[in-house]
Amino acid sequence: MTITVSTADPRSLKALALLAGADRWQKGHTRDGRSFYAVPSQSGEVLHMADTRACTCRDYERRQQACKHVLAVRLHVARLQAQQPRRRPAWRHAPEQLAAASRHYEALMADHFGEEG
Ligand SMILES: [Zn+2]
């Protein structure tokens, strides 16, 4: 995803201001499993529900384009993804290799602990 933030665009600057409070956003899920955030207005009196595509605010309603809330959510999601790299699947070693390594391990453990009681 490409996120364009321009210091010449007041929406970008407002999005960055909103992003500073992203750690307190409440997260919700739609019935089809998509997540969205409840983003409070700067006064805290109005809540806008926004995801990376759409928002309930009037700016979005009017323009049908990324408002400051959508921009802020995009930045927030991108930051989360950068902080939590996708987990990689575990190795799937060949059974013979695992068996040989396991025998080695068992022999090692027997040497250390095998003679007790
Ligand atoms: Zn909005």
Side-chain angles (χ1 to χ4, degrees):
M1 175 168 43
T2 304
I3 308 168
T4 306
V5 176
S6 163
T7 52
D9 177 8
R11 271 187 197 86
S12 290
L13 298 177
K14 286 177 184 166
L16 289 172
L18 287 169
L19 184 65
D23 55 320
R24 301 185 67 198
W25 292 347
Q26 200 172 327
K27 194 178 182 182
H29 294 275
T30 59
R31 257 174 247 152
D32 58 355
R34 291 191 298 115
S35 49
F36 61 90
Y37 292 91
V39 182
S41 65
Q42 270 152 329
S43 67
E45 284 165 20
V46 189
L47 263 189
H48 300 297
M49 300 304 189
D51 62 19
T52 56
R53 287 177 294 184
C55 178
T56 57
C57 77
R58 284 167 106 190
D59 185 37
Y60 181 85
E61 210 172 284
R62 230 179 291 148
R63 294 169 59 242
Q64 299 288 309
Q65 276 179 50
C67 60
K68 59 186 176 184
H69 311 103
V70 167
L71 268 180
V73 168
R74 285 180 186 171
L75 291 165
H76 177 60
V77 168
R79 185 169 61 182
L80 285 181
Q81 283 169 352
Q83 284 165 353
Q84 302 168 349
R86 284 179 201 288
R87 287 191 59 191
R88 298 194 295 173
W91 288 105
R92 299 188 71 91
H93 301 291
E96 320 78 77
Q97 196 184 7
L98 274 178
S102 297
R103 277 194 299 277
H104 187 182
Y105 177 76
E106 278 162 21
L108 185 72
M109 290 300 122
D111 283 349
H112 288 293
F113 307 111
E115 309 309 322
E116 283 174 27

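Order of listing sets the numbers, starting from 1, for every ligand and every atom in it.
In this structure the side chain of W25 reaches within 4.5 angstrom of the side chain of V73, judged on heavy atoms.
Heavy-atom contacts from other residues, nucleotides or ligands closer than 6.0 Å to CZ of R63 number more than 12.
In this structure, H76 and Y37 have perpendicular ring planes: the angle between them is above 60°, well past the 30° mark.
A salt bridge does not link K68 to D59: none of the charged side-chain nitrogens sits closer than 4.0 Å to a carboxylate oxygen.
Near-neighbour remark for the Zn ion (ligand 1): protein N, O or S atoms under 2.8 Å are C55 SG, C57 SG, C67 SG, H69 ND1; waters not counted.
The two residues L18 and V39 come nearest to each other via the heavy atoms CD2-CG1, 4.1 Å.
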query = Run the side-chain contact (heavy atoms from CB on, under 4.5 Å) check on L47 and S41 step by step: do they pass?
reply = CA-CA 6 Å; L47 263 189; S41 65; over 6 Å; no
